[in-house]
Amino acid sequence: MNKSLREKIVEQGNLPAHIAIIMDGNGRWAKANNLPRVAGHVEGINSVREIVQVCGEIGVSYLTLYTFSNENWKRPQKEVSAIMKLLLSTIKKEVGNLNKNNVRLSTIGNINDLPDNSRQGILEGIEVTKNNTGLNLILALNYSSRQELLMAVQRIADKILSGEMNSNQISEAIFSRELYTVDIPDPDLLIRTGGESRISNFLLWQLAYTEFFLTDIHWPDFREEDLLNSIIDYQGRQRRFGQIEEQVSA
Ligand code: IPE
Ligand code: IPE
Ligand code: MG
């Protein structure tokens, strides 16, 4: 528990309501510690547990974790199946803890293409936590932002073809409703660990005005203090949304 950093955040007041994290650097963490890549994913789970706990405790409303991208299927089969097994075992193990902490689990991405048992475990986790009212924990699983955008376009095209709507009715709000993130506000803060400076097909639409925090820290080393520091950094920024400084601070 890091009291003084937490107090500073509370005093500042403008907590990000939605934090999204690209949890990168597990493999390099493992390599640096002379361990197999999977050991990095295993250790990364400890960071997930800690970050979820802290977000819940300080009052963050939404936490979206990029857990497995659509492109990650291209990894060696051994690594993919190890990740899928870890996903299942972690959800099974942690669901009691999530409930205790009033966390509500959900997903974005195409979970239909996950292995049956992993998908089943996730659906159970969602069901068991569905009445919780604290932190919304959203796992991006088999997620591709471009696929999500195409899916939205297809759904809207179908509605136009069936006469349900006209093309001139397509607005940002209508479009957003066809995304996985319907009902979820856009992220205020995006954190990417692991030192890369790219989006990797994550939330392309939703990140339009999100503040970015990039850090070299590998995900398994990213813990409470790092999260709190990223929030303090965010709180010190001025979000202008196209306006000028004087308009925003007025
Ligand atoms: C992120 O860490 C975890 C997943 C993408 C599942 P990586 O496994 O990408 O770690 P690096 O980038 O190879 O270090
Ligand atoms: C992004 O990390 C995906 C997740 C964290 C799940 P990657 O390691 O897959 O990203 P790239 O391939 O380096 O862009
Ligand atoms: Mg990576």
Side-chain angles (χ1 to χ4, degrees), residues 1-2 5-6 19-58 60 63-101 103 105 107-109 111 114-115 117-118 121-122 125 129 135 137-143 189-202 213-231 233:
M1 175 96 88
N2 203 320
L5 284 179
R6 287 193 186 204
I19 299 177
I21 308 184
I22 302 176
M23 309 183 289
D24 198 18
N26 292 353
R28 280 162 290 158
W29 179 91
K31 197 170 184 185
N33 288 283
N34 281 316
L35 295 165
R37 285 184 60 85
V38 175
H41 300 314
V42 171
E43 187 58 25
I45 294 166
N46 293 327
S47 294
V48 170
R49 191 183 304 106
E50 185 165 322
I51 297 306
V52 168
Q53 171 101 22
V54 176
C55 282
E57 284 174 5
I58 65 176
V60 171
L63 174 66
T64 301
L65 299 178
Y66 204 2
T67 306
F68 192 83
S69 76
N70 186 249
E71 289 76 18
N72 288 146
W73 295 112
K74 292 185 276 191
R75 292 188 176 200
Q77 168 58 32
K78 241 179 76 182
E79 179 169 342
V80 170
S81 63
I83 291 174
M84 289 301 148
K85 281 198 189 114
L86 274 177
L87 185 63
L88 178 63
S89 60
T90 305
I91 292 204
K92 281 197 163 157
K93 214 162 74 195
E94 297 293 332
V95 78
N97 211 14
L98 294 179
N99 254 338
K100 200 177 84 209
N101 292 323
V103 176
L105 182 69
T107 61
I108 56 173
I111 65 164
L114 295 179
N117 55 357
S118 301
I122 288 154
T129 62
L135 174 72
L137 172 62
I138 303 143
L139 301 183
L141 285 170
N142 188 20
Y143 178 82
L189 172 62
L190 172 81
I191 298 168
R192 181 168 188 146
T193 64
E196 309 294 353
S197 310
R198 53 178 173 253
I199 296 198
S200 302
N201 205 6
F202 191 45
F213 184 90
L214 308 175
T215 170
D216 289 338
I217 300 171
H218 294 318
W219 177 249
D221 285 331
F222 190 86
R223 297 298 166 98
E224 168 166 1
E225 192 178 340
D226 307 301
L227 176 77
L228 297 179
N229 280 322
S230 76
I231 294 175
D233 190 276

_Do the side chains of Glu43 and Arg223 get close enough for a salt bridge, i.e. N-O under 4.0 angstrom?_
yes
*Chi angles and distances behind the side chain to side chain contact (heavy atoms under 4.5 Å, CB included) call for Glu224, Gln53*: CA-CA 9 Å; Glu224 168 166 1; Gln53 171 101 22; over 6 Å; no
*asked:* Are Ile191 and Ile19 packed together at the side-chain level, in the sense that at least one heavy-atom pair is separated by less than 4.5 angstrom?
replied: yes
*Asn26 and side chain to side chain donor-acceptor pair (under 3.5 Å): which partner among Arg37, His41, His218?*
His41
_Run Arg49 and Thr90 through side chain to side chain contact (heavy atoms under 4.5 Å, CB included) and show every step you take._
CA-CA 10 Å; Arg49 191 183 304 106; Thr90 305; 6.0 Å; no
*If you look at every heavy atom in Thr67 and Leu139, which pair is closest and at what distance?*
OG1-CD2, 3.8 Å
_Quick one, Leu227 and Cys55 - any side-chain contact, counting heavy atoms below 4.5 Å?_
yes
*Sequence neighbours excluded, which residues qualify as salt bridge (Lys or Arg N to Asp or Glu O under 4.0 Å) partners of Glu225?*
none
_Which residues share a ring pair (Phe, Tyr, Trp, His ring centres under 6.0 Å) with Trp219, sequence neighbours left out_ = Phe222
*Is there a donor-acceptor contact under 3.5 Å from the side chain of Asn33 to the main chain of Trp29?*
yes
*Is a side-chain donor-acceptor pair under 3.5 Å present for Ser69 with Asn72?*
yes
*Indicate the ring-plane relationship of Phe202 and Tyr66, choosing parallel, tilted or perpendicular according to the 30° and 60° boundaries.*
parallel
*Are Arg192 and Thr215 linked by a side-chain donor-acceptor pair shorter than 3.5 Å?*
no
*Between Leu98 and Leu137, is a side chain to side chain contact (heavy atoms under 4.5 Å, CB included) present by the stated rule, with each step listed?*
CA-CA 9 Å; Leu98 294 179; Leu137 172 62; 4.2 Å; yes
_Under the ring-ring contact (aromatic ring centres under 6.0 Å, His included) definition, can you give me all pairs with a residue in residues 71-94, not counting sequence neighbours?_
Phe68-Trp73
